[in-house]
Amino acid sequence: MNGSRRLASLAMVAALCLMAGSFASVQAQAPAGQDAGAKPQYTMAEYNAYTAAQSTKDPAQQIKQLDDFVAKYPNSALLIYVYPLYYNAYSQLKNYPKVIEYADKLLALGDKIEPPVKYQAYYARAFAYSNVNPPPTDPDMAKKARQAAIDGLATLNALKKPDNMSQEDFEKQKKAPAILFNYTAANASMALKDYAAAIQFYKAVLALTPDDAITAYHIGQAYMAMTPPQQMDAFWYFAKATKNPNQAQANQVKTYLRKLIQNYQQAACDNLIDAELNELIQLAGSSADRPSTYTLPSSADLDAARKDMTIASVITDLKAGGDKAKVTWLAACGLEFPDVPGKLIEVTPTGDGAQLKVAFVTSDAEFDAKTTPDMDVKVVGQPEASKLEKDNPVRFTGTLVAYDPDPFMLHWDKAKVNAEDIPKEKEKGKKKRPVTKKQ
């Protein structure tokens, strides 16, 4: 589980790096001079110091020059151009807390900065927050990151389309930053334990990238973290996360999901868990959201189904089919049932027991009428069971392991025949009537 989280996190960061390379190359440009007659906004010395820092390629050296500039001109009008240089340089050095600090300094200037520059600051901030390692857990930092991401989305959506770009291309250009802002807001919401909000933002990402297995996995995590956990929705999104091009990650998620379902149901037959898992993965792969009709019975549901359960009620429910049959089978498979009555149709000796074909009966009338088996019984550790004879009554205790719906057949394992039903030599050929009692 922890390994899966780390792999998902690394893959997410890699994806963000691919789409976020643009902001470091975009810089606010200071004007080359001032209008004649206008009140000076900065001195030539300020401007020269700024341009010297701007032209410096080495980020560490550039930061030193910017520090000198701010120390000399703490209230300079050129700060709207200095702060982007700061966070771009710190981004190159992967000092993401400093990127956040200087993006915030720029954003604090409010209306002094143009919307495109403001958008770039929000973008740089979101990218930095998503790359802080280890992920930040400070609530105040998370609150600010989420609000900044929300504001970044609003700024992005308010940007005007360039005249030389089609609307379609403009929307494509906005997709990557929209993903980053929503992811940042989602991750910050997870840090705040606001799982409902995290799900909202992750789903916004998934709407933009429907095949993103990592985002689906995060949605599953958020549903599991809720109080109480929303298991059905979590299972659904974990199932979507198995559609991962990275096969190792896909297998990890599948193994984890199988364990979750097993713990949720406490069913005894592993093969049933596998069938449910495969069905869930197939359904989740073809539908965005979980249909309200799709559920898996819980351990409480199975315990309720086992209450007053008899082999007769199991057979009745299984033959009826539908959801009732599914719940009954999950509850019954793997259970041991005592003194199951039947009519022996066929017996095949084995090395340490016998393979019996038995018709389930509960009355004399059924005993006389039935001629075909509906139970396949594997008797082990009881070689004397091979003495059983066709058309005689038999009672056994065994573990129910499988069934075929059509033609109907129950399969039993590790069975033992009631010793009273195994004929002695002198009793051979004598037909006994079944003991008729509630089963």
Within 6.0 angstrom of Lys174 NZ, more than 12 heavy atoms from elsewhere: yes
Parallel, tilted or perpendicular: ring planes of Tyr237 versus Tyr223, cut at 30 and 60 degrees: parallel
Steps toward side chain to side chain contact (heavy atoms under 4.5 Å, CB included) verdict (Val358, Ile345): CA-CA 5 Å; Val358 180; Ile345 306 300; 5.9 Å; no
Over all atoms of both residues, closest heavy-atom pair of Ala121 and Ala103: O-CB, 3.7 Å
Contact summary for Val253 and Ala241, nearest pair of heavy atoms: CG1-CB, 4.0 Å
Trace of the side chain to side chain donor-acceptor pair (under 3.5 Å) decision for Asp376 with Gln355: CA-CA 7 Å; Asp376 178 39; Gln355 195 78 26; 3.0 Å; yes
Heavy-atom donor-acceptor pair, Asp421 side chain to Arg395 backbone, under 3.5 Å: yes
Short side-chain to backbone donor-acceptor contact, Asn246 and Ala248, under 3.5 Å: yes
Side-chain donor or acceptor of Lys203 paired with backbone N/O of Ala207 under 3.5 Å: no
Test side chain to side chain contact (heavy atoms under 4.5 Å, CB included) applied to Gln262 and Gln266, step by step: CA-CA 5 Å; Gln262 191 171 38; Gln266 298 294 318; over 6 Å; no
Under 3.5 Å: donor-acceptor pair, side chain of Gln265, backbone of Pro297: yes
Note: Lys307-Asp303 ion pair, threshold 4.0 Å (strictly below): no
Lys259 to Tyr256, cation-pi by 6.0 Å centre distance and 45° axis angle: no
Whether Trp329 and Tyr403 hold their rings parallel, tilted or perpendicular, with breakpoints at 30° and 60°: perpendicular
Heavy atoms from other residues, nucleotides or ligands near NZ of Lys370 exceed 12 (cutoff 6.0 Å): yes
Whether Tyr217 side chain and Asp212 backbone form a donor-acceptor pair below 3.5 Å: no
Non-hydrogen atoms of Ala142 and Ala188 that approach each other most closely: O-CB, 3.3 Å
Close side-chain approach of Lys254 and Asn278, heavy atoms under 4.5 Å: yes
Salt-bridge contact Glu171-Lys175 (side-chain N to carboxylate O under 4.0 Å): no
Test log, rule side chain to side chain donor-acceptor pair (under 3.5 Å), inputs Tyr86 and Asp67: CA-CA 9 Å; Tyr86 260 120; Asp67 287 342; 2.5 Å; yes
Nearest heavy-atom neighbours spanning Ile113 and Leu107: CD1-CA, 4.2 Å
Atom of Phe337, atom of Ala332 and distance for their closest heavy-atom approach: CE1-O, 4.1 Å
Beyond-backbone contact of Leu106 with Pro84, side-chain heavy atoms, under 4.5 angstrom: yes
Check against side chain to side chain contact (heavy atoms under 4.5 Å, CB included), Gln62 and Asn88: CA-CA 10 Å; Gln62 185 179 54; Asn88 287 333; 5.9 Å; no
Pair Glu384 + Lys387: basic N to acidic O under 4.0 Å: no
Worked check of side chain to side chain donor-acceptor pair (under 3.5 Å) between Asp404 and His411: CA-CA 8 Å; Asp404 303 320; His411 297 274; 2.8 Å; yes
Shortest non-hydrogen contact from Met375 toward Ala359: CE-C, 4.3 Å
Polar side-chain atom of Asp138 near backbone of Met141 as donor-acceptor pair, under 3.5 Å: yes
Geometric cation-pi criterion, Lys319 with Phe408: 6.0 Å, 45°: yes
Cation-pi geometry met for Lys343 and Phe367 (6.0 Å, 45°): yes
Aromatic ring proximity Tyr87/Tyr102, centre distance under 6.0 Å: no
Pairwise distance CZ(Arg146) to CG(Leu192) - rounded to 0.5 angstrom: 5.0 Å
Check: Phe235 ring centre within less than 6.0 Å of Tyr264 ring centre: yes
Any donor-acceptor N/O pair, Ser287 side chain to Ala284 backbone, under 3.5 Å: no
Check: Tyr81 and Val117 side chains under 4.5 Å, non-hydrogen atoms: no
Rounded distance [0.5 Å steps], OG in Ser166 versus CD in Gln173: 9.5 Å
Pro135: which of Asn131, Asn133, Thr137, Val132 passes side-chain contact (heavy atoms from CB on, under 4.5 Å): Asn133
NZ (Lys416) with more than 12 external heavy atoms under 6.0 Å: yes
Main-chain N/O of Phe127 paired with Ser130 side-chain donor or acceptor, under 3.5 Å: no
Residue pair Asp274, Arg258: steps toward the salt bridge (charged side-chain N to carboxylate O under 4.0 Å, His left out) verdict: CA-CA 7 Å; Asp274 292 332; Arg258 189 188 187 284; 2.6 Å; yes
Nearest-0.5 Å distance, OG of residue Ser91 to CZ of residue Arg125: 14.0 Å
Parallel, tilted or perpendicular: ring planes of Tyr119 versus Tyr123, cut at 30 and 60 degrees: perpendicular
Salt bridge Glu336-Lys414, side-chain N to carboxylate O under 4.0 Å: no
Atom pair CD1/CH2 of Ile311 and Trp412 - distance to nearest 0.5 Å: 3.5 Å
Exam field: side chain Glu366 to backbone Phe360, donor-acceptor pair closer than 3.5 Å: no
Pair Asp317-Thr328, side chain to side chain donor-acceptor pair (under 3.5 Å): steps then yes or no: CA-CA 7 Å; Asp317 290 346; Thr328 295; 3.0 Å; yes
From OG1 (Thr215) to CD1 (Ile179), nearest 0.5 Å: 8.0 Å
Working for side chain to side chain contact (heavy atoms under 4.5 Å, CB included), residues Leu330 and Lys326: CA-CA 6 Å; Leu330 276 167; Lys326 291 181 180 179; 5.5 Å; no
Side-chain donor/acceptor of Asp301 to backbone N/O of Ser298, under 3.5 Å: yes
CG-OG1 distance between Asp339 and Thr397, expressed to the nearest 0.5 angstrom: 5.0 Å
